[in-house]
> 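Structure in structure tokens, see below.
Remember, it's a predicted structure, so these values are computed and weren't measured experimentally. We're numbering straight along the sequence, starting at 1.
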Amino acid sequence: MDRRTFLKLTGLTTLAGGATTTVAGQNDDVYRPGGPRRGSPQAINLNAFHDNEQLAAALQQIHRQSDRTSLRALTESAGGAGTVWEMQVGEGDTNVHIITQIHGDEASGTEVALKLLRKLALGNGRQVDRILDEITLTVIPRVNPDGAVFAYDYDDDGREEIVGRRTNTQPWSPSDSTYEPYYHYSSPSGTPSGYDMNRDFSIVTDFDAPDDEDQGSWFANRFFDLEYEGYTLFSSGLRLTPEVRAVTRSYLEADPDYAITHHHRGGNLVPDSGGKGPQKQSLLAIMAAFGPAYRDRSLFYPPDYEPIQQAVNPFLDEATSTRSLQLNALVANALAEKGNSVFDSTTRYGYFPLWGSYLDALTPQTNAAGMLYETSFQTDQIGQKAFGRYLQATVVGFDVTLEAIADGSIADVDPEDYFDYPPMGESISPARGERLRP
Ligand SMILES: [Zn+2]
């Protein structure tokens with residue numbers, strides 16, 4: 001049985017709407033083709049975000065003022081909306097790679113990454129010094145400039161509103177691949193189609209789709225099922241986007257020990273958190289990538305499920321898997337230690353490999369511990385005040401991660417802590433303006 005059949009049978013693909021209580025891994029946000037998410041563009045406070053020009057200017061300013069950074073333009077985005085930048089800071093032996101906003105409408109990680117870079121590039125103090133001594137940090141603060149600041153006439157009033165979108169703005173043509181990949185989406189009339197780039201990675205990091213004579217036979221409808229080291233890697237990416245090629249290059253050059261990818265998703269509750277009152281809303285869902293050593297901990301598959309590459313990542317060894325669990329547990333524990341507050345609400349995003357993703361295609365290349373952040377709600381779904389809290393959860397996460405790597409205490413985290421956090425609870429999608437339950 002292939003995964004798609006399995007999921008259909010178990011009902012795990014019913015992500016959209018309703019009282020779905022468990023959500024399949026990495027389909028972080030249900031795709032709504034091309035257009036904006038719930039709410040209107042006016043719900044987005046654009047002042048909260050850097051547009052592409054402002055982001056470039058901010059990075060260049062940090063770089064000018066600091067003698068600790070390197071800054072390079074990895075590529076122009078496919079649709080030409082902006083440059084994909086990479087900034088590096090620190091001179092330590094442990095390498096950390098962070099990417100944010102591969103989905104253009106998932107912007108908060110970019111703002112936090114920028115704050116972090118500014119602090120490490122320009123800040124002083126023992127903590128900053130220790131991080132710079134122990135860690136080389138490589139950050140791609142916006143993988144998807146096309147989707148980040150995407151303008152079209154949302155309400156048909158003749159004026160363009162700025163609306164982030166998940167995909168880049170890159171058309172598919174038959175010369176690109178045998179079939180149009182499943183992760184290429186058409187868009188509302190008059191807007192360009194584009195790729196969901198967190199489906200475009202390949203475990204074969206120099207894979208070149210148009211030149212591969214086998215690719216036709218590996219397609220199942222629009223799904224590209226790559227044969228690799230004796231495994232069929234279902235729904236692999238074809239590396240058709242310049243952004244993904246650039247991120248892959250950056251990753252391999254950075255040779256990370258830790259790899260972090262930041263996203264948003266819809267809201268969800270913390271199961272059994274309410275007592276007699278309302279259940280808590282989860283601020284952050286986390287996901288570690290792990291291999292066969294932990295296959296009996298999968299949320300979705302029985303321990304003996306075959307093929308194994310649909311349940312866990314067979315290219316992640318036990319040591320790497322354990323470090324992934326420690327990395328994720330570290331962040332959840334730090335938030336929980338803030339007491340019975342809005343931050344003590346971390347849930348676990350059920351993991352299984354998504355072969356076109358950064359996490360599953362790239363972390364095996366360098367035995368990197370992997371972590372995926374899923375901050376609750378899209379940026380157009382939350383008000384400005386709530387937005388500060390969501391930023392803060394990621395600030396805590398990034399800070400504690402670098403501190404614990406730098407002082408070595410990450411090795412003391414009990415990997416089993418990860419499994420103590422509950423799977424994501426019931427989905428919630430409050431209307432715009434509705435007060436969110438903390
Ligand atoms: Zn995402």
Side-chain angles (χ1 to χ4, degrees), residues 26 28 52 55-56 59 70-89 95-107 109-110 112-114 116-117 136-148 166-170 181 183-184 194-209 226 235-264 287 289 313 315 353-373 398:
Q26 299 201 9
D28 45 0
N52 289 327
L55 178 63
L59 290 168
S70 63
L71 175 65
R72 58 174 179 160
L74 295 176
T75 184
E76 291 303 299
S77 63
T83 302
V84 180
W85 296 98
E86 176 204 77
M87 180 167 271
Q88 206 165 66
V89 63
N95 299 322
V96 180
H97 196 256
I98 298 178
I99 68 164
T100 69
Q101 212 174 357
I102 192 168
H103 296 136
D105 53 354
E106 301 172 6
T110 298
V112 178
L114 197 54
L116 176 66
L117 287 168
T136 300
L137 175 67
T138 304
V139 180
I140 303 176
R142 175 171 288 159
V143 176
N144 186 356
D146 287 352
R166 183 176 178 89
T167 64
N168 72 355
T169 58
Q170 180 178 347
Y183 57 91
H184 188 258
Y195 287 98
D196 179 341
M197 294 191 284
N198 203 37
R199 307 292 184 271
D200 193 40
F201 288 90
S202 176
I203 201 160
V204 180
T205 55
D206 59 354
F207 185 79
D208 207 359
L226 181 73
S235 308
S236 284
L238 288 132
R239 290 174 23 95
L240 294 171
T241 62
E243 296 91 336
V244 161
R245 288 174 175 246
V247 170
T248 301
R249 206 164 60 240
S250 160
Y251 181 95
L252 293 173
E253 288 173 13
D255 191 20
D257 304 288
Y258 295 89
I260 294 164
T261 172
H262 189 279
H263 296 257
H264 290 239
M287 184 167 71
N313 190 322
F315 312 111
L354 178 63
W355 291 109
S357 72
Y358 171 89
L359 202 62
D360 284 301
L362 296 190
T363 59
Q365 312 292 335
T366 63
N367 292 327
M371 178 170 180
L372 186 143
Y373 284 71
F398 286 2

> What's the shortest heavy-atom distance between Gln170 and Ala78, and which atoms?
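Shortest heavy-atom separation between Gln170 and Ala78 comes out as OE1-CB, 3.3 Å.
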> May I ask you to test the Val247-Met197 pair for a side-chain heavy-atom distance under 4.5 Å?
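Not touching, per the 4.5 Å side-chain cut-off.
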> Can Val112 and Thr100 be said to form a side-chain contact (heavy atoms from CB on, under 4.5 Å), step by step?
CA-CA 9 Å; Val112 178; Thr100 69; over 6 Å; no
> Just how far is it from atom CG of Leu240 to atom OH of Tyr195, taken to the nearest 0.5 Å?
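Leu240 CG to Tyr195 OH: 4.5 Å, rounded to 0.5 Å.
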> Is the shortest heavy-atom distance from the side chain of Tyr183 to the side chain of Ser235 under 4.5 Å?
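Answer no - side chains too far apart.
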> Is it true that a side-chain atom of Ser202 and a backbone atom of Thr205 form a donor plus acceptor pair closer than 3.5 Å?
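Answer holds: no.
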> Side-chain donor-acceptor pairs under 3.5 Å in residues 254-261, sequence neighbours left out?
unit_1	atom_1	unit_2	atom_2	d
Asp257	OD2	Asn95	N	2.7
Thr261	OG1	His263	NE2	2.9

> With salt bridge (charged side-chain N to carboxylate O under 4.0 Å, His left out) as the rule and sequence neighbours excluded, what pairs involving residues 235-254 come up?
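Only Arg72-Glu253, Asp208-Arg245 qualify under salt bridge (charged side-chain N to carboxylate O under 4.0 Å, His left out).
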> Keeping Asp146 on the side-chain end and Gly79 on the backbone end, is there a donor-acceptor pair under 3.5 Å?
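Side chain of Asp146 to backbone of Gly79: a pair is present.
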> Indicate yes or no: at least one non-hydrogen side-chain atom of Val84 is less than 4.5 angstrom from one of Pro145.
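They are in side-chain contact.
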> Within the distance-only criterion (no hydrogens, no angle test), does the side chain of Asp105 pair as donor or acceptor with the backbone N or O of Gly147 below 3.5 angstrom?
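No.
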> Taking Thr138 for the side chain and Gln88 for the main chain, is one N or O donor matched with an acceptor at less than 3.5 Å?
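Checked: no pair found.
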> What's the verdict on side-chain contact (heavy atoms from CB on, under 4.5 Å) for Leu359 and Asn313, showing C-alpha distance, side-chain angles and the deciding distance?
CA-CA 10 Å; Leu359 202 62; Asn313 190 322; over 6 Å; no
> Pairing donors with acceptors under 3.5 angstrom, does anything connect the side chains of Asp196 and His103?
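The criterion, which ignores hydrogens and geometry beyond distance, is satisfied for His103 and Asp196.
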> With distance as the sole test, does Asp360 use its side chain to make a donor-acceptor pair with the main-chain N or O of Leu354 at under 3.5 Å?
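Between the backbone of Leu354 and the side chain of Asp360 there is a qualifying donor-acceptor contact (under 3.5 Å).
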> Restricting to non-hydrogen atoms, name the atom on Pro141 and the atom on Thr110 that form the minimum distance, rounded to 0.1 Å.
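That closest heavy-atom pairing would be O-OG1, 2.6 Å.
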> State the CD1-CE distance between Ile140 and Met87, to the nearest 0.5 angstrom.
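If I round to the nearest 0.5 Å, the distance is 13.0 Å.
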> Do any pairs count as a side chain to side chain donor-acceptor pair (under 3.5 Å) and have a residue in residues 361-373, sequence neighbours left out, and if so which ones?
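Applying side chain to side chain donor-acceptor pair (under 3.5 Å) to every pair that reaches into residues 361-373, excluding sequence neighbours, yields Tyr251-Thr366.
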> Given Ser236, which partner from the list Leu226, Asp200, Ile203 fulfils the side chain to side chain contact (heavy atoms under 4.5 Å, CB included) test?
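When Leu226, Asp200, Ile203 are each tested with Ser236, the side chain to side chain contact (heavy atoms under 4.5 Å, CB included) holds only for Leu226.
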> Go through it in stages, so that I can follow the logic: the residues are Thr167 and Asn144, the test is side-chain contact (heavy atoms from CB on, under 4.5 Å), and I'd like the CA-CA distance, side-chain angles, deciding distance and then a yes or no.
CA-CA 8 Å; Thr167 64; Asn144 186 356; 5.5 Å; no
> Would you find a donor on one side and an acceptor on the other, under 3.5 Å apart, between the side chain of Ser77 and the backbone of Gly82?
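Yes.
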> If you measure from CZ on Arg142 to CG on Leu55, what distance do you get to the nearest 0.5 Å?
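Between Arg142 CZ and Leu55 CG, I get 5.0 Å after rounding to 0.5 Å.
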> Of all heavy-atom pairs between Trp85 and Ala56, which one has the smallest distance, and what is that distance?
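Looking at all heavy atoms of both residues, the closest pair is NE1-CB, 3.5 Å.
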> If the plane angle is over 60° it's perpendicular, under 30° parallel, otherwise tilted; pick one for His97 and Tyr358.
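Because their plane-to-plane angle is under 30°, the rings of His97 and Tyr358 count as parallel.
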> Would you say the side-chain atoms of Asn198 pair up with the backbone N or O of Ile102, donor to acceptor, closer than 3.5 Å?
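Checked: no pair found.
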> Closest heavy-atom contact between Ala107 and Gln101?
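Looking at all heavy atoms of both residues, the closest pair is CB-NE2, 3.5 Å.
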